[in-house]
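To start, the structure under review is shown below, and the notes come after it.
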Amino acid sequence: MTAHVTFNFAGTSVLVTGGTSGIGHATATLFRDAGADVTVTGTKSAAADYDTDLSGMTYRQLQITDAESVNALAAHFDRLDVLINNAGANFPGGLDESQPDGFDASVAVNLTAPYRLTVGLYKALKASTAAGGASVVNLASMSALRAVPLVPGYGAAKAGIIGASKALAIELAKRQITVNCVAPGLIETDLISAEILAHAMPMIPAQRAGKPEEVAALVAFLASDEAAFISGVCIEVDGARCV
């Protein structure tokens with residue numbers, strides 16, 4: 001017997017940043033298939049520039065570290081029920097994160113930008129018509145909880161996202177807006193090489209990498225009315241990785 005979780009987000013307005021690939025695309029697809037009105041962002045000019053299936057979604061170009069671009073996206077929404085801050089990157093612009101410029105660039109992409117967007121969408125989130133109120137789900141990373149010397153800026157930024165989420169959860173609770181984090185471990189995406197998988201596998205008791213759809217399901221639950229009393233938490237999705 002196999003059990004499947006299903007969601008009904010009919011009539012729900014959802015924004016997924018970085019929704020053109022990986023976890024972001026799996027999340028956007030889940031919400032779309034559950035009846036939501038989904039907007040995804042990417043860096044390219046148009047949805048047609050991507051190989052992934054973006055049918056049934058609204059596409060908006062976003063340069064995540066450009067304050068004007070972020071502010072313009074926020075101003076587009078009069079009402080928003082669910083915000084998924086998924087867009088992010090390590091080694092932004094190919095910079096070395098162990099150096100100050102690379103560290104700063106990673107923090108700008110992975111912490112400052114999603115914080116700016118969330119604050120910019122306060123009014124739209126407050127106008128949510130969802131029965132359980134609006135939801136913000138931020139994608140953190142297990143690198144926020146375990147030292148990864150190769151990407152110190154990324155790890156620090158993701159740790160900052162967890163801290164910012166807890167603070168925003170308290171601030172926005174009175175407005176019926178929940179704010180939570182999901183921290184994925186090793187997940188099967190185009191960015192994961194066979195070498196990385198081979199190196200990490202002995203440390204994962206589940207003996208496999210996670211699937212983007214497994215992260216997406218948790219994101220959807222945290223955005224559902226059933227999770228309206230869950231806020232300020234960070235949930236790990238890492239197959240019980242032991243080190």
Side-chain angles (χ1 to χ4, degrees), residues 9 11-25 27-28 30-32 36-47 49-50 54 56-89 92 104-130 132-140 157-158 160-182 216 219-220 222-223 228 231-232:
F9 284 101
T12 303
S13 174
V14 179
L15 171 60
V16 183
T17 65
T20 59
S21 64
I23 293 171
H25 184 252
T27 301
L30 187 158
F31 277 103
R32 179 199 65 188
D37 178 8
V38 179
T39 298
V40 297
T41 72
T43 59
K44 297 181 181 181
S45 298
D49 295 329
Y50 292 92
L54 300 178
M57 306 177 194
T58 299
Y59 176 82
R60 291 186 64 88
Q61 186 180 31
L62 174 65
Q63 302 301 334
I64 194 69
T65 56
D66 183 325
E68 290 187 5
S69 182
V70 172
N71 292 340
L73 176 64
H76 172 76
F77 291 91
D78 295 322
R79 176 183 68 83
L80 186 65
D81 300 309
V82 179
L83 168 61
I84 310 299
N85 280 312
N86 168 77
D104 285 349
S106 192
V107 170
V109 169
N110 297 293
L111 175 58
T112 306
Y115 186 86
R116 179 185 295 278
L117 180 59
T118 303
V119 172
L121 285 166
Y122 275 1
K123 185 176 180 181
L125 290 165
K126 187 178 178 181
S128 170
T129 57
S135 303
V136 178
V137 183
N138 295 317
L139 270 294
K158 291 301 188 178
I161 276 290
I162 295 174
S165 297
K166 292 178 181 293
L168 287 171
I170 295 171
E171 180 181 349
L172 299 180
K174 58 182 176 293
R175 301 178 184 178
Q176 284 195 300
I177 301 172
T178 62
V179 185
N180 292 295
C181 277
V182 173
V219 172
L222 290 173
S231 196

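Numbers here are sequence positions counted from 1.
For Ala47, the side-chain contact (heavy atoms from CB on, under 4.5 Å) partners two or more places apart in sequence, or in a different chain, are Leu54, Tyr59. Residues satisfying the side-chain contact (heavy atoms from CB on, under 4.5 Å) criterion with Thr65, sequence neighbours excluded, are Ala108, Val109. The salt bridge (Lys or Arg N to Asp or Glu O under 4.0 Å) check on Arg32 picks up Asp53, with sequence neighbours excluded. By the side-chain contact (heavy atoms from CB on, under 4.5 Å) test, Ser106 is found to be paired with Pro92, Glu97, Asn110, Tyr154, residues two or more places apart in sequence or in another chain being considered. Remark: Phe31 pairs with Phe9 by the ring pair (Phe, Tyr, Trp, His ring centres under 6.0 Å) rule, at least two apart or across chains.
Among residues at least two apart or in separate chains, salt bridge (Lys or Arg N to Asp or Glu O under 4.0 Å) pairs with a member in residues 63-83 are Arg79-Asp81.
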Taking only distance into account, with no hydrogens and no angle test, what donor-acceptor pairs under 3.5 Å do side-chain atoms of residues 113-126 form with protein atoms, sequence neighbours excluded?
| from | atom 1 | to | atom 2 | distance (Å) |
| --- | --- | --- | --- | --- |
| Thr118 | OG1 | Asn85 | ND2 | 2.8 |
| Thr118 | OG1 | Pro114 | O | 2.8 |

Name every donor-acceptor pair, under 3.5 Å, that has one atom in a side chain of residues 163-171 and the other anywhere in the protein, sequence neighbours excluded.
| from | atom 1 | to | atom 2 | distance (Å) |
| --- | --- | --- | --- | --- |
| Ser165 | OG | Asn138 | ND2 | 2.8 |
| Ser165 | OG | Ile161 | O | 2.7 |
| Lys166 | NZ | Gly232 | O | 3.1 |

Give every donor-acceptor pair under 3.5 Å between a side-chain atom in residues 36-44 and any protein atom, sequence neighbours left out.
| from | atom 1 | to | atom 2 | distance (Å) |
| --- | --- | --- | --- | --- |
| Thr41 | OG1 | Gly18 | N | 3.0 |
| Lys44 | NZ | Asp49 | O | 3.4 |

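Considering CD1 of Ile23 and NE2 of His25, their distance stands at 13.5 Å, rounded to 0.5 Å. Atom SG of Cys181 and atom CG of Leu222 lie 9.5 Å apart (nearest 0.5 Å). Atom CG of Leu73 and atom CG of Asn71 lie 9.5 Å apart (nearest 0.5 Å). Atom CG of Leu80 sits about 10.5 Å away from atom OG1 of Thr129, to the nearest 0.5 Å. Atom OG of Ser128 and atom CZ of Arg175 lie 13.5 Å apart (nearest 0.5 Å). We find the CG-NZ distance between Leu139 and Lys158 to be 6.0 Å, quoted to the nearest 0.5 Å.
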Side chain to side chain contact (heavy atoms under 4.5 Å, CB included) assessment of Asn86 paired with Thr27: CA-CA 9 Å; Asn86 168 77; Thr27 301; 6.0 Å; no
From CA spacing to verdict: side chain to side chain contact (heavy atoms under 4.5 Å, CB included), Val82, Thr12: CA-CA 8 Å; Val82 179; Thr12 303; 3.9 Å; yes
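Within a 6.0 Å radius of CD in Gln61, more than 12 heavy atoms belonging to other residues, nucleotides or ligands are found.
Val70 places a side-chain heavy atom less than 4.5 Å from the side chain of Leu62.
Across every non-hydrogen atom of Thr178 and Ser231, the tightest pair is CA-OG, 3.4 Å.
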